[in-house]
Amino acid sequence: MPKDKEAYKTIGEVTKILNLRSRRSKSIPTHTIRFWEKEFKQIKPKIFIGNRRYYDEKNIQLLKKIHYLLKEQGMTINGVKKILNNNEPLKLDETQNNSINTHNLKNKLVKISNIIKSLKNIK
């Protein structure tokens with residue numbers, strides 16, 4: 001039975017939500033989230049008996065922002081810290097904040113589609 005959206009999530013569940021993968025092994029890289037906790041003071045999970053971490057929706061959204069900025073946008077930890085310390089809201093939609101020009105992206109996709117079609121016709 002799936003958990004309620006408002007329910008606290010374990011660190012393993014959060015790694016699955018963020019789709020974090022270890023490069024070398026098939027283990028869940030919970031160490032990444034623990035490292036981010038040390039670097040970004042805004043992340044404050046509930047820690048219960050046995051040092052078990054539980055994350056609420058606010059912390060999960062913050063981790064999603066950090067993951068996006070570090071992994072998708074290629075920012076540095078210091079750059080992400082500056083953004084998180086800034087009180088202005090962060091727009092994560094790439095097309096909204098113009099980090100990707102949609103017109104150029106569409107043209108590239110059309111070209112790739114045409115190449116694929118021509119390769120299929122070669123057979």
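We use all heavy atoms of the structure for the numbers below, so side chains are in, but hydrogens, waters and symmetry mates are not. Quantities reported herein were computed from a predicted structural model and do not represent experimental measurements.
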(Q) Show, in sequence, the C-alpha distance, side-chain angles and deciding distance for I83 and M75, and conclude whether the side-chain contact (heavy atoms from CB on, under 4.5 Å) test is met. (A) CA-CA 10 Å; I83 287 176; M75 293 183 72; 3.2 Å; yes

Q. What's the verdict on side-chain contact (heavy atoms from CB on, under 4.5 Å) for Y54 and K9, showing C-alpha distance, side-chain angles and the deciding distance?
A. CA-CA 5 Å; Y54 292 92; K9 308 287 191 290; over 6 Å; no

Q) Given the rule in the side-chain contact (heavy atoms from CB on, under 4.5 Å) test, do W36 and H67 qualify, once you have shown the distances and angles that lead to the verdict? A) CA-CA 9 Å; W36 289 348; H67 180 262; 3.9 Å; yes

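A side-chain donor-acceptor contact under 3.5 Å links E13 to the backbone of T10. Remark: the backbone N or O of L69 is not paired with any side-chain donor or acceptor of K71 at under 3.5 angstrom.
Atom CG of L63 and atom OG1 of T32 lie 11.0 Å apart (nearest 0.5 Å). Interatomic distance, K64 NZ to Y68 OH, rounded to the nearest 0.5 Å: 14.0 Å. Taking NZ of K65 as the reference point, atom CD1 of I60 lies at 13.5 Å (rounded to 0.5 Å).
Side-chain contact between K44 and E37 is absent, with no heavy-atom pair separated by less than 4.5 Å. For the pair E39/K81, a side-chain contact is recorded, criterion being any heavy-atom separation below 4.5 Å from C-beta on. Looking at L84 and L62, their side chains come closer than 4.5 Å, going by heavy atoms from C-beta outward. Between D56 and N59, the closest side-chain pair of non-hydrogen atoms falls below 4.5 Å.
Applying the 6.0 Å contact sphere to CG of N51 captures no more than 12 heavy atoms from other residues, nucleotides or ligands. Around atom CZ of R52, no more than 12 heavy atoms belonging to other residues, nucleotides or ligands sit under 6.0 Å away.
Taking all atoms of both residues into account, the shortest heavy-atom contact from I33 to V14 is CD1-CG1, 3.6 Å. Of all heavy-atom pairs between P29 and T15, the closest is O-CG2, 4.0 Å. A pairwise comparison of heavy atoms in Y55 and I43 identifies CE2-CG2, 4.3 Å as the closest pair.
If you chain together hydrophobic residues whose side chains sit under 4.5 Å apart, Y8 and F48 fall into the same group. Cluster membership for L18 and I77, using ILVMFWY side-chain heavy atoms within less than 4.5 angstrom, is shared.
Remark: K82 pairs with no residue by the salt bridge (charged side-chain N to carboxylate O under 4.0 Å, His left out) rule, at least two apart or across chains.
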